[in-house]
Amino acid sequence: MNSHFPQTIREAKDFQKKIANKVILEDMLSEITTIGAFDISYKQDKAFAAGIIIDNATEEVLEEEVIVSEIQFPYIPTFLFLREVPSFISLLSKISIKPDLVLIDGHGIAHPKNAGSATVFGVLANIPSIGVAKKPLKFFEYKSSEVKYLKQVFLNEKFVGYKYQPNTNWNPVFISPGNLVSVESSFTFIQNLFKSRFKLPAPLHKAHNLATQFRIEHLT
DNA sequence: GCGACAG
DNA sequence: ATCTTGTCGC
C-alpha cells in the first residue's frame, strides 16, 4: 500500500478525484489468460478478504489467498473503497500470479466521482479491472440497447457501464470498468463468466464463497 | 432535520 | 455486509 491512502472522508473525496483522473478506459490487454476475483466477508470488527486466480480457458483455480484484518472504516455509500481496497492490494501482493484482469465485487466508474472500489483498486495496482455490483447507485440513468437483457448505464450524461440481466430469475447486476478496460469490454470480457447457476460471474462467486468460508472457519 | 446510495 | 426459520420451487 502506498503512503497516502486516505484516512478521513475529506481526504477520500480528494483521493477519488485524483484516481478518476488517472483512469484509462482503453483495452490494454492482448489476451485474458488468468482472471482474478476479490471479495470480503465481515464479522464484527474484522474483514475477511479472499482472492482467487482462475484459468480463463479451463476455469481451473490456480491460486487462492485469504487475509484477515481490522475494519478501518464504517460502510459509507460511495466510499466503500476505504474499507475494501487496502485488503485487495494486500491480497494481490501475496498472490504469485499476476492476473490479466481482476473482478471486484462493487462498482468501477459507475460511481458519482467515477471512482468506485474497482477503479481505485485498478488504478493503485495498475491492473485491468472490472466492477460487478448487485445493486445500482441511486444516481444511475438507463438507456435500452439493442439487446433486451442489457441496458446502458449513464451518469452525468456519460456512458459508464451496463445493467445486465441474462436471466429473469436473477436480479440484474451492474458492470463497469475499473481501469484499463473500455466500457464496452467491461461487459464482453466477462459475459462468458456468467453461469446460469450463479448470480455473479463464476470467479467472483468463488471468491465470495472463499471469503465466507474463511470467516466461518476463523471463528472456530 | 432530511434523505438514503456498492459492501 | 450480517442477523435468521421455515418454506416454496426446480
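Below, chain A is the first sequence line, B the second, and so on; all start at residue 1.
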Exercise for review: Tell me what A/Pro136 touches on the nucleic acid: a base, only sugar-phosphate, or nothing, going by heavy atoms under 4.0 Å.
Suggested key: sugar-phosphate
Practice item. Look at A/Lys135 and C/dA1 and indicate whether a side-chain polar atom (N or O) is within less than 4.0 Å of OP1 or OP2. Key: no
Point to revise | Distance in angstrom units between A/Phe214 CZ and C/dT2 P, rounded | key: 14 Å
Check your understanding: Hey, what's the ring geometry for A/Phe198 with A/His205, parallel, tilted or perpendicular (30° and 60° as the breaks)?
Key -> parallel
Exercise for review: Keeping the roles fixed (side chain from A/Asp55, backbone from A/Ala57), state whether a donor-acceptor pair exists under 3.5 Å.
Suggested key: yes
Check your understanding: Should the ring pair A/Phe79 and A/Phe81 be called parallel, tilted or perpendicular, given that the plane angle runs from 0 to 90° and is split at 30 and 60?
Key -> tilted
Practice item. Using a strict 4.0 Å threshold on nitrogen-to-oxygen distance, state whether A/Glu59 and A/Lys195 make a salt bridge. Key: yes
Point to revise | chain A contact limits on DNA chain B, taken 5' to 3' with a cut-off of 4.0 angstrom to heavy atoms | key: B/dA4 to B/dG7
Check your understanding: In which ranges does DNA chain C form stems of 3 or more consecutive Watson-Crick or G-U pairs, distances under 3.5 Å?
Key -> none
Review point. Does A/Leu200 belong to the same Ile/Leu/Val/Met/Phe/Trp/Tyr cluster as A/Ile53, with side-chain heavy atoms less than 4.5 Å apart forming each link?
Key: yes
Review point. Just checking A/Ser41: base, sugar-phosphate only, or nothing, at a heavy-atom cut-off of under 4.0 Å?
Key: sugar-phosphate
Check your understanding: Atom NZ of A/Lys199 and atom P of C/dA1: how far apart are they, to the nearest Å?
Key -> 9 Å
Check your understanding: When all nucleic acid strands are considered with a 4.0 Å heavy-atom cut-off, which category describes A/Phe140: base, sugar-phosphate, or nothing?
Key -> nothing
Point to revise | Touch class at under 4.0 angstrom, heavy-atom based, for A/Tyr42 against every strand present | key: sugar-phosphate
Practice item. Taking the six-membered ring of A/Phe174 (Phe, Tyr or Trp), confirm whether the NZ or CZ of A/Lys135 is under 6.0 Å from its centre and within 45° of its axis. Key: no
Point to revise | Length of the CD1-P vector between A/Ile76 and C/dA1, whole Å | key: 18 Å
Check your understanding: Are the charged groups of A/Asp105 and A/Lys134 less than 4.0 angstrom apart, N to O?
Key -> yes
Exercise for review: Tell me, please, whether A/Phe15 has A/Arg10 positioned over its six-membered ring: NZ or CZ under 6.0 Å from the ring centre and within 45 degrees of its axis?
Suggested key: no
Practice item. For the pair A/Tyr149 and A/Tyr164, name the ring-plane relationship: parallel under 30°, tilted 30 to 60°, perpendicular over 60°. Key: perpendicular
